[in-house]
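Worksheet: one structure, shown below.
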Amino acid sequence: MKGKQLRLLIGATLLVAGGLAACGKSTSSNNSGQLAAKQDVKLSTKSEVTTLDVSKAADSTSLTQLYHTQEGLYRLGKKEKLINALATKTTVSNGGKTYVFNLRKNNHWNDGKTVTAQDFVYSWRRTVAPKTAAEYAYLMAGLKNYSAVQSGKVAPSQLGVKALNKSTLQVTLSKPVAYFKLLLAFPTFFPQEQSVVEKYGSDYGHSSGKTAYDGPFVMTKWQGTDQSWTLAKNPQFWDKKTITLKKLNFQVVADPSTGLNLYQKKELDATTLDGTQVANLKNNSDMKTFVGGTTYYMQMNQKRVKALKNLKVRQALSLAIDKKQLAKSVLRDGSKAPLGFVSENLTQNPKTKADFAKDAYVKDGVAYNLTAAKKLMKAGLKASGTKQLDLTLMADDTSVTKTVAQYVQAELQKLPNVKVSINTLPYKTRLSRSNAGNFDLVISSWGADFADPINFLSLMSTGNTNNNGGFSDAQYDSDVKKSENQDANNPTARYQDLVSAEKRLMTQQGLVPLYQPATVEMWNSKVAGYVWNPAGMSRGYQWMELKK
């Protein structure tokens, strides 16, 4: 997620079939005597909107707007709970490969036309069509004939999705996909109004007036490059009675100092803080911390550096980095030391409800032990026939990542016969070099697109395009494949497969988890009902309301 180019290995446990909980929020607090008369909020975002085209949106800001201006089959509630949106009933058959969705008949596009099953068919076919070049098309890899459509061997009309009638959508998968329903809450799977897309062509989604909306809000005052815009309540939305807010006014605020100043002047109802601000405001009751769904980690290029093929060398590099100190004393922004590659607060054990990261925890994979690290490095260098290990650490040129890189450099150079230099680059350049394997060590990050461990673990499978360091382990690959195939319809067995894979990754030190970043924000105490989810970039502004 967030600009990454994953080619996901789709598969796994079948989610519970059947209808989901009724949509909408609790109305217990919807008392006019408790609510402010003016239901307008003022919010900030770090970057501008790139596009409102469902097929092409890939950045956090654009996806956040789509969550609130469009409606799909499901929504995500608190703790990634799936809530019926346009789907009123779901039937799963054929061993988890066929889904039939009964759609509500009372939702409309902002032009008054009814949202139909064909709107989903058109949208999904358009996203998978090669000419669209949709960055998130890979999320549809579980659909029947996806690969053939993507490669141009068959027409998009052969994709495993069709409208049985105006209000019945049928989806056919190539094999069971455990998290398929979670994917359906992601904007890439939302419907599109074909007549509007075709009317505006290449201009579609690049201004508020050249976009179709079927969600809680419509965007206004946005011409494609504006640094501010407004989401206004959509009178055509089927569930408009549960939407309390009238307007959400967004403005781009890249600098945390500017954001805090605007917040203190009451020109913003929420703003994001940096590490220094967090330390200075730690006792302020307006401060909220959100952690989960993202991990920063260091990849080690085993293809390029002979010594990095040695397990002891990789273990030494990990043990030499004090992750707790990095989070608490260097970043100082609420970030946490990682328990492993898969982040905390993402998913739970289907039986015990324990956090996956805790179930899969391997202490030595993320611990700090400089004494042990020095011994391992000496032994590893000797075994690999290397006298001096000269490494370059590549990282993005953002202020935070530069700070992390400098800290990692200092920690690693405490090891015998190890020298580390730093190469900071713009994100796109760094990503290109990472993908090409042009690095020794590189600081990477991954934020979950959906709440399932496979979204992380598939990255390190042999041959995955995000496995830039060339980690390859037969047992690890076997565990991942089992979760996608023979255990796909067994939630407990699949969960254990993924736990085993994570433990193997950490035991073999396929990468070095560095920290779980925190998003720390100031929130006006009058704002209630906000929902944050750690995966999928879902921010539930539609449930917000302003108290007196």
Side-chain angles (χ1 to χ4, degrees), residues 1-2 4-16 76 80 82 96-97 136-143 146-147 173-186 188-189 292-295 297 338-350 354-361 444-467 471-473 475-506 510-511 513 533-538:
M1 190 173 74
K2 304 184 181 78
K4 297 165 267 174
Q5 300 175 9
L6 166 65
R7 294 297 176 265
L8 190 63
L9 300 174
I10 294 286
T13 350
L14 180 64
L15 287 169
V16 178
L76 287 179
E80 306 288 341
L82 282 166
K97 294 192 291 185
Y136 270 116
Y138 70 83
L139 290 177
M140 295 187 175
L143 297 179
Y146 165 85
S147 296
L173 306 180
S174 57
K175 62 180 179 180
V177 177
Y179 39 84
F180 186 58
K181 287 183 179 179
L182 285 173
L183 292 175
L184 298 178
F186 195 77
T188 303
F189 288 82
T294 300
T295 300
Y297 58 101
L339 295 181
F341 183 38
V342 178
S343 79
E344 291 182 74
N345 301 328
L346 182 71
T347 189
Q348 298 177 331
N349 186 314
D355 193 295
F356 177 89
K358 294 180 179 178
D359 278 347
Y361 175 57
S444 304
S445 67
W446 187 260
D449 295 310
F450 53 92
D452 192 280
I454 194 68
N455 196 208
F456 280 87
L457 296 175
S458 62
L459 305 184
M460 298 308 294
S461 296
T462 301
N464 187 280
T465 55
N466 284 270
N467 185 359
F471 171 74
S472 182
D473 182 82
Q475 180 182 322
Y476 180 84
D477 290 342
S478 176
D479 289 335
V480 171
K481 288 178 181 178
K482 280 180 66 180
S483 78
E484 297 176 310
N485 295 289
Q486 60 260 47
D487 292 336
N489 287 333
N490 186 332
T492 301
R494 175 179 180 266
Y495 183 85
Q496 291 305 318
D497 292 336
L498 296 174
V499 167
S500 178
E502 168 82 354
K503 287 185 174 181
R504 183 66 177 178
L505 179 64
M506 290 296 94
L511 47 75
N533 280 306
M537 292 181 275
S538 174

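Residues forming a side-chain hydrogen bond (donor to acceptor under 3.5 Å, both in side chains) with D479 (at least two apart in sequence, or on another chain): S500. The side-chain contact (heavy atoms from CB on, under 4.5 Å) search around T462 returns S472, D477, not counting sequence neighbours. Applying the side-chain hydrogen bond (donor to acceptor under 3.5 Å, both in side chains) rule to T295 yields no partners; only residues at least two apart in sequence or on another chain are considered. In this view, N467 satisfies the side-chain hydrogen bond (donor to acceptor under 3.5 Å, both in side chains) rule with no residue, not counting sequence neighbours. With sequence neighbours left out, Y361 forms a ring-ring contact (aromatic ring centres under 6.0 Å, His included) with no residue at all. Remark: D359 pairs with no residue by the salt bridge (Lys or Arg N to Asp or Glu O under 4.0 Å) rule, at least two apart or across chains. For the salt bridge (Lys or Arg N to Asp or Glu O under 4.0 Å) test, residues two or more places apart in sequence or in another chain that qualify with K482 are D497. Residues passing the side-chain contact (heavy atoms from CB on, under 4.5 Å) test with T347 are F356, P453, sequence neighbours excluded. Remark: A451 engages E80, L182, L346, A535 in a side-chain contact (heavy atoms from CB on, under 4.5 Å) (not counting sequence neighbours). Y476 is linked by a ring-ring contact (aromatic ring centres under 6.0 Å, His included) to F471, counting only residues two or more places apart in sequence or in another chain.
Aromatic rings of F186 and F450 (six-membered ring for Trp) have centroids beyond the 6.0 Å cut-off, not under it.
The shortest distance between side-chain heavy atoms of L139 and Y146 does not fall below 4.5 Å. By the 4.5 Å heavy-atom criterion applied to side chains, S174 and K97 are not counted as neighbours. The closest side-chain heavy-atom distance from K503 to V499 is below 4.5 Å. Residues P350 and R494 are not in side-chain contact: their nearest non-hydrogen atoms beyond the backbone lie 4.5 Å or more apart.
Considering OH of Y136 and CG of D449, their distance stands at 4.0 Å, rounded to 0.5 Å. One finds the CG atom of L511 at 4.5 Å from the CG atom of L505 (value rounded to the nearest 0.5 Å). Atoms CG and OH, on D452 and Y495 in that order, are 10.5 Å from each other to the nearest 0.5 Å. Residue E484 holds its CD atom at 7.0 Å from OG of S461, rounded to the nearest 0.5 Å. Atom CG of L82 and atom CG of L184 lie 8.5 Å apart (nearest 0.5 Å). Interatomic distance, T492 OG1 to N349 CG, rounded to the nearest 0.5 Å: 7.5 Å.
Residues M506 and G340 come closest through the heavy atom pair SD-CA, 4.1 Å. Shown here for G447 and T294, the closest heavy-atom pair between the two residues is CA-OG1, 3.5 Å. Closest approach of N345 and G292 over heavy atoms only: CB-CA, 4.2 Å. Residues G510 and M460 approach most closely at O-CE, 3.7 Å, considering heavy atoms.
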Derivation of the side-chain contact (heavy atoms from CB on, under 4.5 Å) call for T188 and Y138 = CA-CA 10 Å; T188 303; Y138 70 83; over 6 Å; no
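Distance alone, capped at 3.5 Å, is enough to place a donor-acceptor pair between the N464 side chain and the S458 backbone. Between the W446 side chain and the Y297 main chain, no donor and acceptor come within less than 3.5 Å of each other. Looking at E502, its side chain does come within 3.5 Å of a backbone N or O of F341 through a donor-acceptor pair.
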